[in-house]
Amino acid sequence: MAEKQKLNPFQIAQQQLDRAAEVMKLDPGIHAILREPMRELHVSIPVRMDDGTIRVFKGFRVQYNDARGPCKGGIRFHPEETIDTVRALAAWMTWKTALMDLPLGGGKGGIICNPKEMSMGELERLSRGYVDQVGRILGPEKDIPAPDVYTNPQVMAWMADEYAKLRGYYVPGVVTGKPLPIGGSEGRDSATAKGAFYTIREAAKKLKLSLHNATFAVQGYGNAGRFIARFLHDAGAKLVAVSDSRGGIINRAGLDPQAVEKHKRETGSVVDFPGATSISNPELLELDVDILCPAALENQITGENAGRIQAKIVAELANGPTTPQADLILHERGVFVIPDFLCNAGGVTVSYFEWVQNLSNFYWDLSHVQALLDKTMTQSFWEVERAADKYRVDPRTAAYVVAVSRVAEAIRLRGIA
Ligand code: GLU
C-alpha cells in the first residue's frame, strides 16, 4: 500500500493541520508553532524480568502544546510504537482537548513493549520504571497521563503510586483513568464509548437514520470497542461483525455484545465465537452496514479501500484510523465521518472531570458525569457541524478549524517573547 508506506502518522497529523490552516487563514507564525511538539522526552527503562535477566525498554513522552493548560493524554504499550506515532497522538490530544473546550493541552506517551508476552509483575515494574524516568515532567499542573492502547486502570494505579514515592505523598490528580477506590471517576471506564455514542446519536439525527435496527460493525474489541457495541445494541442497533487483533466474526442475524465479550475474556479473542462465521479485519471494514466503528489502531481506512466502504457513518473511536487520501474519497462519496478527536473525546472529557474531582477532593455520581459528558459532546458535535457549513469542508477539517482557532487564540493572548 503506497500511501501507507509514504505517510507516517505524524506527517498525516501535520497535513491535516496544514489543510485547516489554509482554510482558516491561520497566521503563518502560529502555524509553524503548531506543526511541531513543544517538548519530548526519550527514556530507557531497565526492567528485571521474571527469569532474572534485565531488559531495557524504550519509552517516550511528548508534550505537544500547553497553551490552554497542562498537557493531557494517554500512554500506550505497543510493540510497534514509534516516536512519530506518539507525536501524532500528542498533536491529536491538543486538538481534542481544545475542541471539547477543556482547559488542557495535549500530550502522549508510549513504551515499545509487548504487554501480551509480559507477566503482571513485569508490567508493574515497567510502569513504575517509566514514571521514575518521566515523573520529572509529570504533575497535575504539568502533564497528566491516562490509559490508552494496552494500558488500563491497574497500570494507572501503579504509576500514581510510583509518582507518590517521588513526591513523598499521594497526588491523585497526576494521572486519570485510575480505579475508583484511589480517586478514579464514575463513568471513566466506558467514557470513550459513551461519548462516541452521543456523537453517533447526533450524526444519526442529522442523517435522519434511526438507530433502532441500524446495523453496525466494530473493529477492535478493547475498552472502546466493547462498550460501543453495548451502547449501540442497547439503543436497538444490530451488531453484525466485530474483530480484534487476531481476526473477526460475522453473523448477519446479530451478535450479542456481552456474550462476545465473555467469549473474549475466556479465550483471549472474539475469534471462534459460536454461531458466527470468520471474517478478516479488512473485510469487516467493507461490510454493508449503516455504522462502522473503527476502534483499533491508526491507518485502517486508506486510499486503497476507502472507495469500498459502504457504511453511512464512520465513527472513529480509534485515533487516526483514516488517512488523508481516504478522507477525501469518503467525503466525495458522502460517507459521514465523525472524526477521531470529536468521536473519541469522551475519554479525555471524563478524565478532565476526574482531575477536577481530584483537585477539589469532592466526588460526583454517575448521573452527573454522564449528563455533563452528553452536554459537552453534543455541543462540540454541533460546533463542528456549524464550522463545516460555514467553511464548506469535511467534518475533520471543520473540527480542526474549531480546535486550532482556540489554541491559536491562547498562544496569541499569552504572547511569544
Ligand atoms: N487515551 C485517551 C485518548 O486518546 C484518553 C486520554 C486522557 O484521558 O487523557 O483520548
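Remember, it's 1-based here, ligands and their atoms both numbered in the order they're listed. Position 1 is the first residue of the sequence; numbering continues from there.
Using a cut-off of 4.0 Å between Lys/Arg side-chain N and Asp/Glu carboxylate O, E261 and R230 are scored as salt-bridged. The pair R386-D389 fails the salt-bridge criterion, with no side-chain N (NZ, NE, NH1 or NH2) lying under 4.0 Å from an Asp/Glu carboxylate O. A salt bridge does not link K194 with D374: none of the charged nitrogens is closer than 4.0 Å to a carboxylate oxygen.
A perpendicular orientation is assigned to the rings of H263 and F273, their planes being inclined by more than 60° (bins at 30° and 60°). Taking the six-membered ring where tryptophan is involved, the planes of W364 and F353 are tilted, since the angle between them lies from 30° to 60°.
With T97 contributing its side chain and L104 its backbone, the two residues share a donor-acceptor pair below 3.5 Å.
Within 4.0 Å of ligand 1, heavy atoms belong to protein residues K72, G73, G74, M93, K96, K108, A146, P147, D148, R188, N319, G347, V348, S351.
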